[in-house]
J.: 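There's a structure below that I have some questions on.
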Amino acid sequence: MAAEVISLGCRLNLSESEDLRALLASADDLVVINSCAVTAEAVRQTRQAIRRARRTRPTARLLVTGCAAEVERAALGAMPEVDGLVANAAKLDPRAWNVAPAPRAPHAAHTRAFIAVQNGCDHACTFCVIPQGRGPSRSLPVAEVLGLVAHHLDHGAREVVLTGVDLTSWGHDLPGKPSLGSLVEAILSAFPELRRLRLSSLDGVEIDPFLRELLGGEARVMPHLHLSLQHGNDLILKRMKRRHLRRDAIELVGWLKARRPELAIGADLIAGFPTEDAAAHGDNLSIIAELGIVHGHVFPYSPRPGTPAARMPQITAQDIRLRAAELRAAVAAVRQDWLAGQIGQPIEVLAERDGTGHAPNFARVQLPPGNQAGTIVTVTPTRIIEGMLA
C-alpha cells in the first residue's frame with residue numbers, strides 16, 4: 001500500500017506535506033504524521049491522528065515528524081502506535097527516510113500552490129515553542145524560489161502563496177540581507193503570467209517599505225493581509241515579547257486601507273494570555289472592529305512546555321474559553337457585515353474542485369455548477385450562506 005502523509009497545523013506544514021508525498025511516492029506501507037505543537041490542542045490532535053492512523057493501517061510503519069516530534073519528543077516516542085520519529089529539520093532530506101533522491105515530481109495539481117520560502121524563527125515570544133520545533137530562521141534563495149514558482153505554474157497553479165514560520169524575516173540570513181518585498185518583486189517580474197500572488201501571515205512591524213508599497217498598490221498581490229497580531233493590549237504584547245504595539249497595527253492597516261480600500265484584514269489573536277484582566281481582554285475585543293478583522297484565527301491560550309509564559313500567573317480555563325468565544329463572535333459580526341457589503345458587486349473568483357472558490361480578498365464563494373477548477377470566473381453574489389458568498 002502506498003505511503004500516506006497526514007498533515008496537521010499551519011500552511012507551512014501543508015506545503016511540506018506535499019513535498020513529503022512526492023519524496024515518499026515509492027515507499028510502501030508507510031504512514032507519516034506531520035505534526036503540530038503550537039497549542040496543547042494541536043498536540044492532542046496529533047495524538048488523535050496517530051491513534052486513528054494506527055487503527056486504519058495496523059500493519060504500516062508509522063513515523064512522526066513536525067514540530068510535536070521535537071517539542072513532545074519523549075511523549076510521542078513512548079506511544080505504542082509510533083514506530084519512530086524523524087527530526088523536523090530533516091524531514092525533507094531523503095536520507096532521513098532511507099529513500100533514493102529522485103527528480104522533482106509534479107505535485108498533485110492544485111489551483112493554489114503553497115511555497116515555503118522561509119523556515120524557523122529567531123524571535124523569543126514568551127508563549128511560543130515554534131523555535132524549539134523549527135530551529136533558527138532560514139531563507140530559500142531567490143533562484144530556488146523562482147524555480148519552485150515555475151514548477152507549480154507549469155503544473156497548473158493559478159495562484160501562488162508564499163509561506164513561512166516568520167515570513168517577514170525572509171532574507172535576513174542571505175547575502176546582502178534582501179527584503180521580502182524584493183522577493184515579491186522578483187517573482188512578479190519573472191512571471192508576468194502569474195495573476196495572483198498571496199502572502200501568508202506577516203509580522204506587521206517587520207514589513208519592509210518596498211513590501212508595504214506593493215501591498216498598497218500592486219494589483220497582482222492579493223488584497224489580503226494576515227497579521228501575526230496576537231493581542232490588542234500593549235501590556236500583554238510586552239509580556240508576550242512581541243515587537244509591536246497596538247498603535248503600530250492601527251497605523252499600518254490605516255495606511256494600507258487608505259491606498260487600497262478593498263484590503264481584507266486577517267489576524268491571529270490569543271485569548272486568555274497569563275495576567276490578562278478584563279480591561280486587557282476588552283482591548284483585544286475592540287481591536288477587531290478597529291482594524292476590521294474579517295479573517296480571524298482565535299487561539300485559546302495554553303501553556304507550552306519550557307516557555308516563560310507558562311511560569312506567569314494563569315487565567316482560569318473557564319475564562320479562557322469564554323474570552324475565546326467572545327473574540328470569535330466579534331470577528332463573526334465584523335465578517336458578516338463585510339460579506340454583506342460585497343453582495344451585488346462583481347468579483348473574480350478562482351474556482352476550486354469542491355464547487356467553491358476564493359475572491360482576491362479571500363472571501364469564500366459558492367460558485368454556480370459547471371465552473372472548472374483552476375479557472376478564474378467573475379460572479380456577482382446575491383446572498384450569504386453559512387459564512388460564504390453565493
J.: Under the ring pair (Phe, Tyr, Trp, His ring centres under 6.0 Å) definition, can you give me all pairs with a residue in residues 341-375, not counting sequence neighbours?
T.: H224-F362, H295-F362, H358-F362
J.: Are R134 and E16 close enough for a salt bridge, meaning some N to O gap below 4.0 Å?
T.: yes
J.: Should the pair R212-E251 be classified as a salt bridge under the 4.0 Å nitrogen-to-oxygen rule?
T.: yes
J.: Who passes side chain to side chain contact (heavy atoms under 4.5 Å, CB included) against A329, sequence neighbours left out?
T.: none
J.: Report yes or no: do S169 and S137 form a side-chain donor-acceptor pair below 3.5 Å?
T.: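 On atom types as modelled, these side chains qualify, holding a pair under 3.5 Å.
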J.: Testing R323, E326, H231 one by one against H281 for a side chain to side chain donor-acceptor pair (under 3.5 Å), which residue passes?
T.: E326
J.: Are any of the side-chain nitrogens in E348 or R195 under 4.0 Å away from the carboxylate oxygens of its partner?
T.: yes
J.: Using 4.0 Å as the upper bound for N to carboxylate O, is an ion pair formed by E290 and R246?
T.: yes
J.: Passes side chain to side chain contact (heavy atoms under 4.5 Å, CB included), E41 versus F299? Steps please.
T.: CA-CA 10 Å; E41 174 62 18; F299 297 90; over 6 Å; no
J.: Heavy atoms only: give me the nearest G387-R335 pair and the separation to one decimal.
T.: O-NH2, 3.4 Å
J.: Side chain to side chain contact (heavy atoms under 4.5 Å, CB included) with L227: which of L269, L252, V205?
T.: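 For L227, the side chain to side chain contact (heavy atoms under 4.5 Å, CB included) test succeeds with only one of L269, L252, V205, which is L252.
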J.: Please, which pairs that meet side chain to side chain donor-acceptor pair (under 3.5 Å) have at least one residue in residues 370-390, sequence neighbours excluded?
T.: none
J.: State whether a side-chain donor-acceptor pair under 3.5 Å links T126 with R239.
T.: no
J.: Using 0.5 Å steps for rounding, measure from the CD1 atom of I236 to the CG atom of N284.
T.: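 Separation between the atoms: 8.5 Å.
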J.: Does D203 come within less than 4.0 Å of R243, counting only side-chain N to carboxylate O?
T.: yes
J.: Are a donor atom and an acceptor atom from the side chains of N34 and S17 found within less than 3.5 Å of each other?
T.: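 Judged by distance alone, the side chains do pair up.
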J.: Can you check whether S200's main-chain N or O pairs, donor with acceptor, with T163's side chain at less than 3.5 Å?
T.: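 No, the answer is negative, given that no donor and acceptor are paired below the 3.5 Å cut-off.
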J.: Do NZ/NE/NH1/NH2 and the carboxylate oxygens of R55 and E81 come within less than 4.0 Å?
T.: no
J.: What residue among V365, V349, V379, T356 forms side chain to side chain contact (heavy atoms under 4.5 Å, CB included) with L389?
T.: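 Exactly one candidate clears the test, V365.
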J.: Whether D83 and R54 form a salt bridge (side-chain N of Lys/Arg under 4.0 Å from carboxylate O of Asp/Glu) is what I want to check.
T.: yes
J.: Tell me yes or no: between the side chains of K238 and N233, is some donor less than 3.5 Å from an acceptor?
T.: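 No, no side-chain donor-acceptor pair sits under 3.5 Å.
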J.: Under 3.5 Å, is there a donor-acceptor pair linking the side chains of E206 and H123?
T.: yes
